[in-house]
Enquirer: 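Before anything else, here's the structure in question.
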Amino acid sequence: MSRVIFLGPPGAGKGTQAQKLADDLQIRKISTGDMLRAEVSAETPLGLQAKSYMDAGDLVPDQVLIEMVRGQLLSASDGWILDGFPRTLAQAEALDHLLPELDQSYDHVIDLHVPDDILVDRLLNRGRADDKESVIRHRLEVYRNQTKPVIDFYAAKQCFSQIDGNRPVDEVYDNLMSLVNSNSNHHES
Ligand code: AMP
């Protein structure tokens, strides 16, 4: 069973990699962006609240995310990969409290690293609703200000690794898979 926290800037390819890993290991991909987009298209109260933040490239308030993730973790008994969460220090700290409460722990924190200029090109070519150039630049700014500290939070821990995301998808995936399969950092709850 694997439990993986997957970090990286918007456009790094986290979603694609996380999906492949989830499929191969039969674990749940918990993608907060996908969950929020589903709420927005279903026009739920949460979706209506989240939409304006997402359209502007801002982060949705922490409390909303923490509750969403709690529900997912609770029912993901075969393992999980977190894609897009935690994105703030408050979320990382909340997760650190939440996991022991659920009798869980994580095995790996992996940061997918891609240089900024490459991210902008990738995001412009993706064409999602929030992928306009001004919004993209704002999302990267938000990432630098609010999400980078999350990397520092985990970087000091033993189970942290960084992988180079500026390579062909399959190469990145091989790297990711071999890290997740290495049990050297394993600390079961
Ligand atoms: P993503 O698909 O991960 O790029 O997420 C798309 C948008 O959803 C982000 O730009 C945020 O507005 C929102 N979002 C996703 N995950 C989080 C999170 N952990 N905390 C706050 N907002 C989030």
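Just so you know, these numbers come straight off a predicted model, no measurement behind them. Whatever order the structure lists them in is the order used to number ligands and atoms, beginning at 1.
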Enquirer: What is the distance from atom CD1 of Ile30 to atom OG1 of Thr32, rounded to the nearest 0.5 Å?
Expert: 9.5 Å
Enquirer: Just going by heavy-atom distances, which of Arg87, Gln91, His138 is nearest to atom 1 (P) of ligand 1?
Expert: Arg87
Enquirer: Okay, side chain of Asp164, backbone of Asn166: is any donor-acceptor separation there less than 3.5 Å?
Expert: yes
Enquirer: Looking at Gly84, which atoms of ligand 1 are within less than 4.0 Å of one of its heavy atoms?
Expert: 16 (N), 17 (C), 18 (C), 19 (N)
Enquirer: At what distance is the nearest protein heavy atom to atom 16 (N) of ligand 1, and which residue and atom is it?
Expert: Thr32 OG1, 2.8 Å
Enquirer: Is it the side chain, the backbone, both or neither of Met35 that has a heavy atom closer than 4.0 Å to ligand 1?
Expert: neither
Enquirer: Are the side chains of His108 and Ser182 in contact, using a 4.5 Å heavy-atom criterion?
Expert: yes
Enquirer: Select the closest option to atom 18 (C) of ligand 1 among Asp131, Ile66, Leu65, judged by heavy-atom distance.
Expert: Leu65
Enquirer: Considering Val60, Thr88, Leu36 one by one, which has a heavy atom nearer to atom 14 (N) of ligand 1 than any of the others?
Expert: Leu36
Enquirer: Within the structure provided, determine whether Asp170 and Lys20 are in side-chain contact (heavy-atom separation under 4.5 Å).
Expert: yes
Enquirer: I want to know if ligand 1 touches Asp130 in the polar sense, i.e. an N/O pair below 3.5 angstrom.
Expert: no
Enquirer: Taking 4.0 angstrom as the limit, do Arg3 and Asp107 come out as a salt bridge?
Expert: no
Enquirer: Measure the distances from the heavy atoms of Lys14 to every atom of ligand 1 and state whether one is below 4.0 angstrom.
Expert: no
Enquirer: Using only atom types and a distance under 3.5 Å, with no angle test, would you say the side chain of Arg137 pairs donor to acceptor with the backbone of Ser134?
Expert: no
Enquirer: Please report which non-hydrogen protein atom sits nearest to atom 12 (O) of ligand 1, along with the residue it belongs to and the distance in Å to one decimal place.
Expert: Asp58 O, 2.6 Å
Enquirer: Note the single closest protein heavy atom to atom 10 (O) of ligand 1, along with its residue, its atom name and the distance in Å.
Expert: Arg139 CD, 3.4 Å
Enquirer: Are Asp78 and Arg28 close enough for a salt bridge, meaning some N to O gap below 4.0 Å?
Expert: no
